[in-house]
Amino acid sequence: MEKLNKIFGGINLTWLKVILFAVAAGAYTALMALLPMTNDTSFEDITISFEVWILFGIFIIMNSKSSLDSALKCFVFFLISQPLVYLIQVPFSSLGWGIFVYYRYWFIWTLFTIPMGFIGYYIKKEKWWGLLILTPVLLLLGYHYNKFLGLTRYYFPHHLLSTVFCFITLLLYPLCIFHNKKIRNAGIIISILIIAGASAYSLINRNIYHTTVLTSEGSAGAVFDDTYHVYLEDSSYGSVQLVYNEAIETYMVDAEFIKGGKTNLILEDADGNQTIFALDIKYHNYEITKQ
């Protein structure tokens with residue numbers, strides 16, 4: 001606990017350290033975006049969501065010497081790290097310099113770090129309004145926790161580390177930032193309520209992937225009509241059904257997947273003859289191959 005308290009306010013954060021920190025964070029994020037093995041994993045999440053960057057921002061705020069120092073250091077940190085993420089990817093991307101189109105979103109957030117860093121500094125003052133400043137951050141983390149919990153539930157153990165990270169930091173921030181017992185306990189209660197609410201919402205509203213996996217015009221080697229029966233070998237992955245699309249006058253196999261993984265899709269004609277397809281279900285796409 002003592003080491004954690006040092007991280008949240010006991011480090012001499014010089015400008016050189018901020019710059020080196022920004023370069024390291026940008027380079028690491030670019031690497032996670034480039035490595036194919038990180039696709040759809042927690043390691044890729046730093047490239048598209050806020051949870052780790054929130055930690056970086058709070059770390060800078062808690063180790064700054066004034067509100068102005070906090071605002072400037074937060075701004076410079078993001079001004080260096082975010083464009084560096086895309087700069088490193090330029091030689092490896094088919095978009096080339098066009099990849100910077102994705103930086104526009106992060107640049108807007110970089111501008112917001114000036115007021116956020118300035119106001120955020122006052123969470124150090126051990127006042128009740130410090131908790132009010134922190135609460136929107138906790139709510140944003142709760143949103144991320146809900147999202148990652150749903151993704152993990154859909155395709156376990158993908159994004160499990162991000163789910164755990166959000167869970168831990170939701171409790172860690174009020175615990176380590178505030179030393180006033182009443183304020184700290186109130187912050188922990190807020191975090192627990194956020195976690196409980198986000199967990200319940202995720203469990204009730206599970207991720208569902210709707211798609212069409214086959215058409216009767218021979219996609220993936222499939223030929224069928226309304227006399228066929230279609231089903232998944234393992235129904236825990238969801239359900240499939242034959243539908244007729246009048247607009248294109250074609251029979252299709254529509255799917256509603258409730259989790260990712262591998263199973264077989266089976267087409268069976270009226271005589272019981274089966275055509276089996278290996279199906280690899282992911283978050284927003286799939287791979288299907290005739291066996």
Side-chain angles (χ1 to χ4, degrees), residues 21-60 74-75 77-113 116-117 136-170 172-173 194-195 198-199 201-202 205-211 257 259-260 281-286:
F21 183 26
V23 171
Y28 173 79
T29 303
L31 181 64
M32 294 301 102
L34 289 169
L35 291 176
M37 67 183 70
T38 67
N39 188 42
D40 277 338
T41 71
S42 296
F43 295 99
E44 184 189 36
D45 291 333
I46 191 174
T47 68
I48 53 178
S49 56
F50 291 119
E51 67 285 347
V52 177
W53 298 101
I54 289 172
L55 175 62
F56 293 162
I58 289 180
F59 170 78
I60 292 171
C74 284
F75 176 67
F77 172 80
F78 282 90
L79 189 65
I80 294 172
S81 60
Q82 292 304 318
L84 185 61
V85 171
Y86 301 100
L87 180 63
I88 292 173
Q89 293 183 70
V90 167
F92 308 97
S93 173
S94 59
L95 296 174
W97 289 98
I99 197 173
F100 270 88
V101 69
Y102 297 110
Y103 174 56
R104 295 173 186 172
Y105 172 76
W106 287 98
F107 178 68
I108 294 171
W109 277 104
T110 297
L111 295 177
F112 276 116
T113 61
M116 291 167 67
V137 176
L138 298 178
L139 288 170
L140 180 58
L141 264 176
Y143 164 79
H144 281 26
Y145 169 73
N146 167 73
K147 178 184 71 173
F148 291 131
L149 182 60
L151 293 174
T152 301
R153 186 184 178 199
Y154 178 88
Y155 200 1
F156 184 86
H158 290 245
H159 302 281
L160 177 60
L161 290 177
S162 292
T163 304
V164 173
F165 180 89
C166 291
F167 181 95
I168 291 175
T169 51
L170 269 164
L172 189 67
Y173 293 147
I194 291 172
I195 291 169
S199 298
Y201 185 87
S202 180
N205 301 277
R206 69 181 307 159
N207 289 27
I208 300 176
Y209 174 31
H210 298 270
T211 188
F257 298 125
K259 72 175 184 178
I281 307 162
K282 300 178 183 178
Y283 287 108
H284 305 294
N285 55 73
Y286 62 89

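Residues take their numbers from the sequence shown, with the count starting at 1.
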Main-chain N/O of Cys166 paired with Thr169 side-chain donor or acceptor, under 3.5 Å: yes
Residues Ile99, Tyr102; criterion side chain to side chain contact (heavy atoms under 4.5 Å, CB included); working and verdict: CA-CA 6 Å; Ile99 197 173; Tyr102 297 110; 4.0 Å; yes
Flag if over 12 foreign heavy atoms under 6.0 Å of OH, Tyr143: no
Residue His210 excluded, over 12 heavy atoms near NE2 under 6.0 Å: yes
Which residues share a side chain to side chain contact (heavy atoms under 4.5 Å, CB included) with Leu84, sequence neighbours left out: Val23, Leu87, Ile88
CG-OH distance between Leu95 and Tyr86, expressed to the nearest 0.5 angstrom: 11.5 Å
side-chain contact (heavy atoms from CB on, under 4.5 Å), paired with Thr152, selected from Leu161, Leu160, Asn207: Leu160
Spacing of CG belonging to Asn146 relative to OH belonging to Tyr201, to within rounding of 0.5 Å: 7.0 Å
Residues in side chain to side chain donor-acceptor pair (under 3.5 Å) contact with Tyr145, at least two apart in sequence or another chain: Ser199
From Leu172 atom CG to Leu141 atom CG, the distance as rounded to the nearest 0.5 Å: 10.5 Å
Backbone N/O of Lys282 and side chain of Tyr154: donor-acceptor pair under 3.5 Å: yes
By side chain to side chain contact (heavy atoms under 4.5 Å, CB included) - contacts of Tyr105 (at least two apart): Phe50, Trp109
Minimum-distance pair of heavy atoms, taken over all atoms of Ser42 and Ser162: OG-N, 3.0 Å
Shortest non-hydrogen contact between Ile194 and Gly142, atoms and distance: CG2-CA, 3.5 Å
Taking every non-hydrogen atom, the tightest pair across Gly117 and Cys74: CA-SG, 4.1 Å
Leu140 side chain reached by His144 side chain, heavy atoms, under 4.5 Å: yes
Result of checking Lys147, Glu51, Met32 against Asp45 for side-chain contact (heavy atoms from CB on, under 4.5 Å): Glu51
Polar side-chain atom of Thr110 near backbone of Trp106 as donor-acceptor pair, under 3.5 Å: yes
Check: Phe56 ring centre within less than 6.0 Å of Phe78 ring centre: no
Side chain Trp53, main chain Ile46, donor-acceptor under 3.5 Å: yes
Leu151 backbone acceptor or donor facing Tyr283 side chain under 3.5 Å: yes
Ile54/Tyr173 under side chain to side chain contact (heavy atoms under 4.5 Å, CB included): CA gap, chis, key distance, verdict: CA-CA 10 Å; Ile54 289 172; Tyr173 293 147; 4.0 Å; yes
Distance (rounded to the nearest 0.5 Å) between Leu55 CG and Ile168 CD1: 11.5 Å
CE-CG distance between Met116 and Leu111, expressed to the nearest 0.5 angstrom: 11.5 Å
Spacing of CG belonging to Leu31 relative to CD belonging to Gln89, to within rounding of 0.5 Å: 10.0 Å
Evaluation steps, side chain to side chain contact (heavy atoms under 4.5 Å, CB included), between Asn39 and Glu44: CA-CA 6 Å; Asn39 188 42; Glu44 184 189 36; 3.5 Å; yes
Beyond-backbone contact of Gln82 with Tyr103, side-chain heavy atoms, under 4.5 angstrom: yes
Donor-acceptor pair, side chain of Thr41 and main chain of Met37, under 3.5 angstrom: no
Sub-6.0 Å ring centroid separation between Phe165 and Phe148: no
Ring geometry between Phe59 and Phe21 (parallel below 30°, tilted from 30 to 60°, perpendicular above 60°): perpendicular
Check against side chain to side chain contact (heavy atoms under 4.5 Å, CB included), Val90 and Phe100: CA-CA 9 Å; Val90 167; Phe100 270 88; 3.9 Å; yes
